[in-house]
J.: 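Take this structure, written in structure tokens, and hold onto it; I'll ask about it next.
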Amino acid sequence: MTKSTRQGSRADAVTDSLRTDILAGRLAPGRRLTFPELCGTYSVSVGVLREALVRLVDLGIVRAESNLGFSVMPLSDDDLRGLTTTRSLIEPGFVRAAVGAGSIQWEGRLVAAHHMLERIPMAGDRGVNDDWVTAHAEFHLALVSGTGNRRMLEITRRLREEADLYRRWYLDADAIASHSEDAARDHRKLLDEALARDAEAAEKTMRRQIERATELWLAGRSVHQPA
């Protein structure tokens with residue numbers, strides 16, 4: 001294995017670790033990501049860490065600023081509203097395209113992803129359950145994968161990872177409990193509409209789910225939300 005290949009593999013691992021720590025709330029929104037601290041934490045070189053941080057900038061969960069370095073993407077109500085507008089214009093259309101184009105194999109992946117999601121509780125020990133967040137992302141990516149379009153998957157993944165930060169920091173335990181049943185119903189509805197090949201209904205359900213989630217997040221910010 002060449003040096004560049006080893007560095008690329010290490011960067012993959014560090015990217016995954018950093019992403020997990022950010023989405024799990026261990027690295028708070030707005031926090032500065034300094035090289036001495038993170039190189040020690042993840043036992044990597046500056047070069048590997050920089051590569052990982054640049055990848056996370058591309059995913060929308062880390063921000064890079066000239067002369068200031070890197071930080072976890074900060075949160076704000078205005079940014080959430082802008083994110084929601086973008087998602088409402090993009091993701092439902094992707095879902096419509098996937099329902100129209102998905103294969104029988106796609107149906108199987110979607111059913112399997114939903115089976116996993118509905119068996120994991122949304123609430124965890126410290127807010128949203130990490131395993132639920134992972135299963136939730138896998139279900140929505142499986143849904144969009146019916147398009148067979150790599151760019152649609154990449155765009156969906158980026159938008160959803162940004163949304164996951166808000167879900168993590170804007171929901172307290174009471175809001176999670178009240179939202180979990182609605183979320184489960186929406187996911188079942190999306191699955192049923194997709195399998196019935198009702199693209200128009202699935203598009204509307206996806207848009208409604210995005211907009212309703214934002215209303216909930218804005219109304220029930222977590223006490224853990226950073227200032």
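Note: hydrogens, waters and symmetry copies are ignored here, and every other heavy atom, side chains too, is used.
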J.: With the threshold set at 4.0 Å, does a side-chain nitrogen-carboxylate oxygen contact exist between Glu107 and Arg109?
T.: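 Result for this pair is no, no salt bridge flagged.
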J.: Can a donor-acceptor pair be found, under 3.5 Å and without considering hydrogens, that links the side chain of Tyr166 to the backbone of Leu83?
T.: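 No, the answer is negative, given that no donor and acceptor are paired below the 3.5 Å cut-off.
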J.: Does this structure show an ion pair linking Arg207 with Glu203, if we count only N-O contacts that are shorter than 4.0 Å?
T.: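 Judged by the 4.0 Å cut-off on N to carboxylate O distance, Arg207 and Glu203 do form a salt bridge.
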J.: What are the two closest non-hydrogen atoms of Gly30 and Ser71, and how far apart are they?
T.: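 Closest approach of Gly30 to Ser71, heavy atoms only: O-CB, 4.1 Å.
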J.: Would you sort out whether Phe70 and Thr34 count as a side chain to side chain contact (heavy atoms under 4.5 Å, CB included), showing the intermediate values?
T.: CA-CA 7 Å; Phe70 297 90; Thr34 62; over 6 Å; no
J.: Rounded to the nearest 0.5 Å, what separation is found between the CG atom of Leu80 and the CG atom of Leu218?
T.: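 Answer rounded to 0.5 Å: 5.0 Å.
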J.: Do Asp21 and Tyr42 get their side chains close enough for a donor-acceptor pair, meaning under 3.5 Å?
T.: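 There is such a pair between these side chains.
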J.: Could Asp186 and Arg212 be called an ion pair, given the rule that one side-chain N must be under 4.0 Å from one carboxylate O?
T.: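 Yes, Asp186 and Arg212 are salt-bridged.
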J.: Please find the pair of heavy atoms, one from Ile61 and one from Glu161, that lie closest to each other, and give the distance.
T.: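 Residues Ile61 and Glu161, closest heavy atoms: CG2-O, 3.8 Å.
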J.: Quick one, Phe94 and Leu143 - any side-chain contact, counting heavy atoms below 4.5 Å?
T.: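 Result no, sub-4.5 Å side-chain heavy-atom pair not found.
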J.: Indicate yes or no: does Arg158 engage Glu154 in a salt bridge with an N to O separation below 4.0 Å.
T.: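 Here Arg158 does not pair with Glu154 in a salt bridge, since their nearest N and O are not under 4.0 Å apart.
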J.: Salt bridge or not for Arg167 and Glu162, using N-O below 4.0 Å?
T.: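 Here Arg167 does not pair with Glu162 in a salt bridge, since their nearest N and O are not under 4.0 Å apart.
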J.: Taking it one step at a time, do Arg19 and Val62 satisfy side chain to side chain contact (heavy atoms under 4.5 Å, CB included)?
T.: CA-CA 9 Å; Arg19 173 185 167 276; Val62 166; over 6 Å; no
J.: Is Arg168 salt-bridged to Asp130, going by a charged N under 4.0 Å from an acidic O?
T.: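 Yes.
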J.: Passes side chain to side chain contact (heavy atoms under 4.5 Å, CB included), Leu190 versus Gln209? Steps please.
T.: CA-CA 10 Å; Leu190 269 175; Gln209 186 184 85; 4.0 Å; yes
J.: Does the pair Arg63 and Val57 meet the rule for a side chain to side chain contact (heavy atoms under 4.5 Å, CB included), with working shown?
T.: CA-CA 6 Å; Arg63 180 174 66 178; Val57 170; over 6 Å; no
J.: Between Ala52 and Leu18, what is the shortest heavy-atom contact and its length?
T.: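 That would be CB-CD1, 4.3 Å.
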J.: Could you check whether Arg188 pairs with Asp192 (Lys NZ or Arg NE/NH1/NH2 to Asp/Glu carboxylate O, under 4.0 Å)?
T.: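 Between Asp192 and Arg188 there is a salt bridge, with a charged N closer than 4.0 Å to a carboxylate O.
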J.: For Ile210 and Ser88, work out which heavy atoms get closest and say how close.
T.: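 So the two residues come closest at CG2-OG, 3.7 Å.
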J.: Over all heavy atoms of both residues, which pair between Phe139 and Leu191 is shortest? Give the atoms and the distance, please.
T.: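 So the two residues come closest at CZ-N, 4.4 Å.
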J.: Checking Asp164 side chain against Leu23 main chain: does a donor-acceptor pair fall under 3.5 Å?
T.: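 Not confirmed, Asp164 side chain does not pair with Leu23 backbone.
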J.: Determine yes or no for a side-chain-to-main-chain donor-acceptor pair under 3.5 angstrom, with Arg197 supplying the side chain and Gly102 the backbone.
T.: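 Between the backbone of Gly102 and the side chain of Arg197 there is a qualifying donor-acceptor contact (under 3.5 Å).
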J.: Strictly below 4.0 Å, N to O, side chains only: are Asp58 and Arg55 in salt-bridge contact?
T.: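 Salt bridge absent between Asp58 and Arg55.
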J.: Give a yes or no on whether the backbone of Ser45 and the side-chain of Arg10 come within a donor-acceptor separation of less than 3.5 Å.
T.: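 Absent.
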J.: Look at the side chain of Ser145 and the backbone N and O of Ala142, then say whether any donor-acceptor pair between them is shorter than 3.5 Å.
T.: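 Side chain of Ser145 to backbone of Ala142: a pair is present.
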J.: Strictly by modelled atom types, are Glu91 and Thr156 linked by a side-chain donor-acceptor pair under 3.5 Å?
T.: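 Note: Glu91 and Thr156 side chains miss the donor-acceptor criterion.
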J.: Aromatic rings Trp132 and His187: how do their planes relate, parallel, tilted or perpendicular, breaks at 30° and 60°?
T.: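 Ring orientation of Trp132 relative to His187: tilted.
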J.: Among His140, Met122, His136, which one satisfies side-chain contact (heavy atoms from CB on, under 4.5 Å) with Leu117?
T.: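 Of the listed options, the one satisfying the test is His136.
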J.: Look only at the side chain of Ser43 and the backbone of Cys39, and say whether a donor-acceptor pair between them is shorter than 3.5 Å.
T.: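 Such a contact is absent between Ser43 side chain and Cys39 backbone.
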J.: Looking only at heavy atoms, what is the nearest atom pair of Ala194 and Trp106, with distance?
T.: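 Residues Ala194 and Trp106, closest heavy atoms: CB-CH2, 3.9 Å.
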